Amino acid sequence: MKVVELLESRLQNWRELEQLCVQMEQHRKRAAGAPAVGRFATLYRAACADLALADAYQLPPNTVQYLHQLVGRAHNQLYLSRKFAYKRWLYELLHLVPQRLFHDNCVRLAFCLFYGVFIASMLAAWLSPAFADLVVGKEGLQQVEEMHADSVGGTDFNSAQAGTGFYLNHNATIGLRCFVFGILLGVGGIYETIFNALYLGSMFGFMITSKSGPNFFQFVTAHGPFELTAIVLGAAAGMKLGFSIIDTRGYTRTASLRRAFREAVPAAVTAVILFGLAGLIEACLSPSTAPYAVKAGVAVLCCGVLIFYFVALGYPRGGQTNAV
Amino acid sequence: MNGAIKQLDNRIEIVTPENIEFTYRVAGPFRRLGAYLLDNLLCWVFIIVIYIITLLVFGVLQSLGTVSLLAAVAHFFTTWFYGGVFESLWNGQTLGKRMFGLRVLSDDGQPINGIQAIGRNFLRHADTLPWAYWTIEESLIPLSTLQLGLLFMFVYGNYQRLGDWAAGTMVVLDEPQQLYGVARVTEPAALQLATQLPVNLVVNRSLGRALSAYVQRRLRVPVARRFEMASHLGEALRERYNLPANTNYDLLLCAVYHRAFIASATEVLDDVVGERSKGVKE
């Protein structure tokens, strides 16, 4: 059979497969129905066979190129990305992530680094306001002071909500930046973690002696545990990525990074969920007139949830070793 | 394909679970830049639309703080989750990628999963480093220079940026291509020459590939250059088929192509006789 005859005999099938690809791309699989999906599979197999035999058939180069594209396009419709598998994500976040984090040295390092610098800079700013000036700047401190002069139970609830929106976005971005920059061999993540711990610590230390201090601490008490833990978690996940490039544990650098990636991304998503929960508390409870005991109670409850998550869910069971 | 020399361009070979090998074209940085800018633009349009809607709803209630809060939440989610969510739900495409005919795949050709989609989009922020700062009325506006991602694309294979490297993904071109069919030879002199070729003419695979590539492209090449190109193969074919020394090599390749791909010896003869009788009648 001459090539031109062969092409004529196949052309109709290829055009039909092309049409079905267009239909599938426009999410009409259900509307197309089972017969069309069955036909799609048959045509895909036939196109694969034509491509495999293109050399033997001596098809012209542009036809071969067309077949490559057609098979690729159909392949993308046949093997679709697995949507959000909610059950799998729940299992990942509630079972695998806490077990991994329980053993993770990067979490310990990020925790010590963040809280160590945070507490040290808080003490330094408390003892010497010049330190807070140096780190945050006079204008920054003035802004925080002004914002928290009326942040709790104030008459200007609008300003409080606007401030909440700003800080929610700002702090969650800080946490995710700690994760993202961690891939720069861990150094970027360590820098971001130290910088933010220094900044936040100085602000906390300065506010101890400020006239807006009581309002400030009442404001941050309820959502603080989730928010600060999320920053630590984001930083730890980032460091895990960065360190995996240096310490490959016998894998190639690429394999080591991808292995760390599969574990670090769910941890970063956990951090985002914590930021979301912190934001919810920050928007609803923190600026409200609720008594301080309620806010402190919520903070204790949040700490309890965190301990349950990291220790109770993370504690190794049944001889499992998830050390990585 | 089997036995073919691997092309020195941005094509990548994928083997499907059906054990069929096909190629994708990996998208380069300039194609991806267009999709990236379009996605950024769409994100900002979305944020502004959310802002206007909340302003209309909550502005009436004198609750401008809620407007700022919701706009900030929309800003956060579009900045960090737009790409990840779209690529998970749309089989590796965002709106920008769909418009530019791009798709994200695992580097083994399989579709990406949620962890890859979210992770590669988180790490896009590292690819945008270093940032330049633009000062407007004493406030600093950060501008990403995309240098790290660009550098990584050229250093690492398959134009993978840092996020792609970590996630094991690549961006390929995924756009419909036209089927132009088989090139036809219309010159009467070439058809006449085809009748002088042996009846049992058979061309091997590599010769067939060379002939079809030549005939498809010859009309885009200047005549002098065409003859020069055709002479390399034409001289050998002329000797093989004992044709006169003044044979036009360009037409000879067309004639061999016509006999191999389009028509048999008797069909060619019928065509030529038909053409002649038509000419006599006229």
Side-chain angles (χ1 to χ4, degrees), chain A residues 2-4 7 11 14 18 45 48 51-52 54-55 58 60-66 68-69 71-73 75-76 79-85 89 157-162 164-166 168-169 172-173 176-177 179-181 183-184 188 241 254 257-258 261-262 265-266 268-269 272 279 283, chain B residues 1-4 14 16 18 20 22-24 63-66 68-73 75-76 79-80 87-89 91-92 103 109-115 117-119 122-123 125-126 162 165-168 174 176-183 205 208-209 212-213 216 260-264:
Chain A
K2 291 282 175 192
V3 171
V4 71
L7 276 181
L11 205 61
W14 296 344
E18 216 175 307
R45 283 196 299 271
C48 281
L51 180 60
D55 202 39
Q58 297 193 337
N62 63 357
T63 309
V64 176
Q65 208 173 322
Y66 167 80
H68 275 293
Q69 181 275 330
V71 169
R73 201 172 171 193
H75 176 262
N76 281 332
Y79 299 97
L80 286 172
S81 62
R82 292 179 291 276
K83 312 287 178 190
F84 271 116
W89 272 97
F157 190 68
N158 272 332
S159 301
Q161 275 199 318
T164 301
F166 171 77
L168 175 65
N169 191 5
T173 300
L176 284 175
R177 274 174 58 163
F179 166 68
V180 167
F181 296 149
I183 199 172
L184 306 175
L241 282 181
T254 302
L257 175 64
R258 288 182 185 171
F261 178 87
R262 280 192 295 274
V265 173
V269 171
V272 172
Chain B
M1 303 306 296
N2 294 343
I14 301 292
T16 69
E18 294 83 8
I20 300 297
F22 67 94
T23 57
Y24 271 123
S63 180
L64 292 175
T66 312
S68 302
L69 177 65
L70 292 175
V73 170
H75 181 260
F76 174 75
T79 306
W80 292 95
E87 285 172 13
S88 293
L89 298 176
N91 199 23
R103 191 186 293 277
Q110 297 300 308
I112 56 169
N113 59 34
I115 291 178
I118 288 175
F122 276 177
L123 295 175
H125 295 263
L162 198 54
W165 179 44
D174 182 40
Q177 203 170 355
Q178 289 291 319
L179 178 60
Y180 296 104
V182 181
R205 290 178 188 182
R209 266 201 303 272
S212 56
Q216 268 170 24
F261 289 91
I262 312 292
S264 62

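Here the structure is a predicted model, which means the values were calculated and not measured.
- Ranking B:L162, B:I115, B:L70, B:D174 against chain A, the residue ahead of the rest is B:I115, based on heavy-atom pairs under 4.5 Å.
- Only the side chain of A:I183 has a heavy atom closer than 4.5 Å to any heavy atom of chain B.
- For chain B, the option among A:R73, A:R262, A:H75 with the highest count of heavy-atom pairs below 4.5 Å is A:H75.
- Counting heavy-atom pairs under 4.5 Å between each of B:S68, B:A213, B:A167 and chain A puts B:A167 at the top.
- B:W165 touches chain A through backbone and side chain together, each having a heavy atom under 4.5 Å away.
- Taking B:G208, B:A117, B:A126 one by one and counting their heavy-atom pairs under 4.5 Å with chain A, the maximum is reached by B:A126.
- Comparing B:G109, B:A72, B:A71 by how many heavy-atom pairs each has under 4.5 Å with chain A, the most go to B:A72.
- Proximity of a side-chain donor or acceptor of B:N91 to a complementary backbone N or O of A:N76 within less than 3.5 Å is detected.
- Residue with the most contacts toward chain A among B:A166, B:A260, B:G119, B:G168: B:A166 (heavy-atom pairs, distance under 4.5 Å).
- For the pair A:L241 and A:F181, the minimum side-chain heavy-atom distance is 4.5 Å or more.
- Proximity of B:Y24 to B:R103: side-chain heavy atoms (C-beta onward) are nowhere separated by under 4.5 Å.
- In this structure, chain A has heavy atoms under 4.5 Å from both the backbone and the side chain of B:L69.
- The shortest distance between side-chain heavy atoms of B:W80 and B:I118 does not fall below 4.5 Å.
- Closest approach of A:A172 and B:F76 over heavy atoms only: CB-CE1, 3.3 Å.
- Between A:Y66 and A:W14, the ring planes are tilted. Angles from 30° to 60° get that label.
- Nearest approach of A:C48 to B:I20, heavy atoms of both residues: CB-CG1, 3.5 Å.
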